[in-house]
Amino acid sequence: MTDVLDRRSFLSVAAAAGLPTALAQELWATPPQAPGEAVEPAVLSRAVTKEQLIAAEAVLGLNYTDSERDLMLQSVNGTITTVEKLHSVPLPNPVVPAIHFDPVPAGSSAVGQPLSTSRANAARPATPEVPRSETDWAYLSAAELGRLVRAKKVTVRELTERALTRFSQYDSALHCVVTLTRERALTQADLLDSEVKRGVFRGPLHGVPYAAKDLFAVPRYPTTWGSPLYKERVIDETAAVVERLDRAGAVLVAKTSLGEFAQGDVWFGGMTRNPWNTEQGSSGSSAGSASAVSAGLVPFALGTETLGSIISPCTRCGVSGLRPTFGRISRHGAMALSWTMDKVGPIARHAEDLALVFDALHGADPRDPSARTLPFQFEPSRPLSGIR
């Protein structure tokens with residue numbers, strides 16, 4: 001190919017490919033390597049040698065001549081130089097790649113995408129009786145706990161302290177919690193109790209304790225992603241799903257375990273266990289959330305799924321999980337494993353609870369361009385005969 005790009009054409013092509021302007025300008029300013037020209041050692045930090053090529057040939061079952069290897073070294077090391085320049089551009093987790101294109105300016109809601117939606121109402125049966133045992137308390141649904149709070153038969157602080165106690169009691173067997181958010185939870189509980197006294201209720205989840213997978217950022221608490229590399233790392237932002245559950249009145253009591261970097265059920269604290277068989281792992285990677293819900297530590301928890309990380313641990317631990325359609329729930333403040341596949345969803349023991357939590361979470365968020373507001377209808381009284 002003999003055509004040569006001028007600077008304007010090169011920058012246009014680079015922009016279309018999604019390269020940052022600063023990087024494209026840097027690449028244009030770097031003269032192309034001429035055939036036979038040695039790779040500049042000052043730029044390349046880990047040049048591949050001919051011996052390494054020979055070793056790679058043995059692994060791949062290939063065989064080249066020395067002259068072919070000389071030609072390959074120029075190309076391979078040139079590629080490594082380009083990759084190192086790409087890696088020198090800081091791209092922290094919150095930076096969304098160019099997977100969505102919209103003419104609306106950043107920070108605005110897309111046309112036809114309201115940020116708030118009407119909320120579905122839960123079925124309103126009679127308020128349940130106050131449980132007599134701690135086990136009965138542990139296995140009430142989120143909807144039932146919310147009705148007890150509304151009827152003033154229990155305080156939010158009592159529910160919060162029960163959940164914190166159960167985590168402390170059973171985590172040594174389950175390894176399902178990374179961090180208890182005790183101070184945050186108790187402060188929030190007291191605020192919600194003061195609202196109850198004034199007759200203010202935020203919705204059916206008012207006062208209900210829950211847990212969130214430890215890839216959601218919460219200020220003042222570590223967000224570890226299950227890795228010892230980030231055991232002490234604190235991200236000073238609040239994940240969108242935590243913000244929305246705060247508004248709904250739910251109380252975050254714990255950040256639950258996940259396999260390291262959202263892979264499997266083994267994290268730096270060990271293997272998260274299935275409460276029904278503690279010799280068995282909880283499966284991954286929403287392992288801690290499914291384990292905690294199954295053991296009655298909280299009525300619901302938040303998980304994420306890329307390729308089965310809600311469905312798999314729910315199957316293993318015998319609980320219900322909702323893996324929503326991509327784009328229904330904002331992923332702002334969550335670890336990105338795959339920007340085009342990650343979904344956030346609730347885990348619970350009851351379908352009604354999944355609906356209530358999803359209703360509080362879904363909808364557009366300008367910080368996650370993939371999030372969309374679409375209708376959601378929850379009809380708990382609808383007969384199963386009319387559903388397919």
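Distance check: L215 CG to L258 CG gives 5.5 Å after rounding to the nearest 0.5 Å. Rounded to the nearest 0.5 angstrom, E161 CD and T155 OG1 are separated by 7.5 Å. In this structure, CG in L86 is found 10.5 Å from CD in E84, a value given to the nearest 0.5 Å. Between D359 atom CG and L354 atom CG the span is 12.5 Å, to the nearest 0.5 Å. The CG atom of D368 lies 11.0 Å from the CD1 atom of I329; values are rounded to the nearest 0.5 Å. Here the CE atom belonging to M341 is positioned 9.0 Å from the CD atom belonging to E305, to the nearest 0.5 angstrom.
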### Query
Is there a side-chain contact (heavy atoms from CB on, under 4.5 Å) between C317 and V293 once you walk through the steps?
CA-CA 9 Å; C317 296; V293 169; over 6 Å; no
### Task
Report the C-alpha distance between V208 and L159 in whole Å, list the side-chain angles of each, state the deciding distance to 0.1 Å, and finish with yes or no for side-chain contact (heavy atoms from CB on, under 4.5 Å).
CA-CA 7 Å; V208 177; L159 294 183; 5.7 Å; no
### Derivation of the side-chain contact (heavy atoms from CB on, under 4.5 Å) call for T238 and V218
CA-CA 5 Å; T238 304; V218 178; 5.6 Å; no
### Message
Using the rule given for side-chain contact (heavy atoms from CB on, under 4.5 Å), can you reason through V154 versus R162, listing the C-alpha separation, both sets of side-chain angles and the distance that settles it, and then say yes or no?
### Response
CA-CA 11 Å; V154 66; R162 276 195 174 93; 4.3 Å; yes
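Under a hydrophobic clustering in which Ile, Leu, Val, Met, Phe, Trp and Tyr are joined whenever their side-chain heavy atoms come within less than 4.5 Å, directly or via other members, V266 and F261 fall into different clusters. Residue L164 is grouped with residue F300 when hydrophobic side chains (ILVMFWY) are merged at heavy-atom distances under 4.5 angstrom, including chains of intermediate members. Cluster annotation: V251 and Y221 are assigned to the same hydrophobic cluster (Ile/Leu/Val/Met/Phe/Trp/Tyr, side-chain heavy-atom contacts under 4.5 Å, transitive). Both L62 and M72 are members of a single hydrophobic cluster when ILVMFWY side chains are connected at heavy-atom separations under 4.5 Å. Cluster membership check: L148 shares its hydrophobic cluster with Y210, using side-chain heavy-atom separations under 4.5 Å among Ile, Leu, Val, Met, Phe, Trp and Tyr.
You'll find the side chain of F167 reaches within 4.5 Å of the side chain of V253, heavy atoms only. Using a 4.5 Å cut-off on side-chain heavy atoms (C-beta onward), W137 and L145 make contact. Contact annotation: the side chain of S257 never approaches that of H175 to less than 4.5 Å [non-hydrogen atoms, C-beta and beyond]. Between P228 and E260 there is a side-chain heavy-atom pair separated by less than 4.5 Å. Residues R316 and Q280 are in side-chain contact: their nearest non-hydrogen atoms beyond the backbone lie under 4.5 Å apart. Inter-residue side-chain proximity for F378 and E352 is flagged as met; some heavy-atom pair is nearer than 4.5 Å. Annotation: side chain of I310 is not in contact with side chain of L322 (no heavy-atom distance under 4.5 Å). Under the 4.5 Å side-chain criterion, counting only non-hydrogen atoms from C-beta, V242 is in contact with D246.
G249 approaches L192 most closely through the heavy-atom pair O-CD1, 3.2 Å. Looking at every heavy atom in both residues, D353 comes nearest to P299 through OD2-O, 4.3 Å. A pairwise comparison of heavy atoms in R157 and D193 identifies N-OD2, 3.1 Å as the closest pair. Residues V241 and S330 share a closest heavy-atom pair of CG1-O, 3.8 Å. Between A360 and L245 the shortest heavy-atom distance is CB-CD2, 4.2 Å. L356 and P204 make their closest contact through CD2-CG, 3.8 Å (heavy atoms, listed as atom of the first residue, atom of the second, distance).
Remark: side-chain polar atoms of D171 are paired, donor with acceptor, to backbone N or O of V177 under 3.5 angstrom. Put simply, the side chain of Y139 gets close to the backbone of A295: a donor and an acceptor are under 3.5 Å apart. In this structure a side-chain-to-backbone donor-acceptor pair under 3.5 Å is missing from S294 to A290. D265 places no side-chain N or O within 3.5 Å of a backbone atom of R273 that could act as its donor or acceptor partner. Not a single donor-acceptor pair under 3.5 Å links the side chain of D342 to the backbone N or O of A336. Side chain of R166 to backbone of G296: a donor-acceptor contact under 3.5 angstrom is found. Counting only distance, with no hydrogens or angles, the side chain of H362 and the backbone of F358 share no donor-acceptor pair below 3.5 Å. Using a distance-only test at 3.5 Å, with no hydrogens or angles considered, no donor-acceptor pair links the side chain of N77 to the main chain of A47. Looking only at distances, no side-chain donor or acceptor of T325 sits under 3.5 Å from a matching main-chain atom of R328.
With 3.5 Å as the limit, one finds a donor-acceptor pair spanning the side chains of T65 and S67. Counted by atom type alone, S289 and K213 present zero donor-acceptor pairs between their side chains at under 3.5 Å. Using a 3.5 Å distance cut-off with no hydrogens or angles, the side chains of T306 and S338 do not pair a donor with an acceptor.
Just one of S291, S309, S312 meets the side-chain hydrogen bond (donor to acceptor under 3.5 Å, both in side chains) condition when paired with S283; it is S312. In summary, of the residues considered (T223, T224, T179), a side-chain hydrogen bond (donor to acceptor under 3.5 Å, both in side chains) with D214 occurs for T224 alone. The ring pair (Phe, Tyr, Trp, His ring centres under 6.0 Å) test with W225 is passed by exactly one of F216, Y230, F268: Y230. Among R244, R331, E243, the single residue meeting the side chain to side chain contact (heavy atoms under 4.5 Å, CB included) criterion with D365 is R244. The side chain to side chain contact (heavy atoms under 4.5 Å, CB included) test with L302 singles out one residue from T256, I347, L361, and that residue is L361.
Using a 4.0 Å cut-off between a side-chain N of Lys or Arg and a carboxylate O of Asp or Glu, E57 and R69 qualify as a salt bridge.
Atom NZ of K153 sits in a crowded spot, with more than 12 heavy atoms from other residues, nucleotides or ligands closer than 6.0 Å. For R198, the CZ atom is densely surrounded, since the number of other residues' heavy atoms within 6.0 Å is greater than 12.
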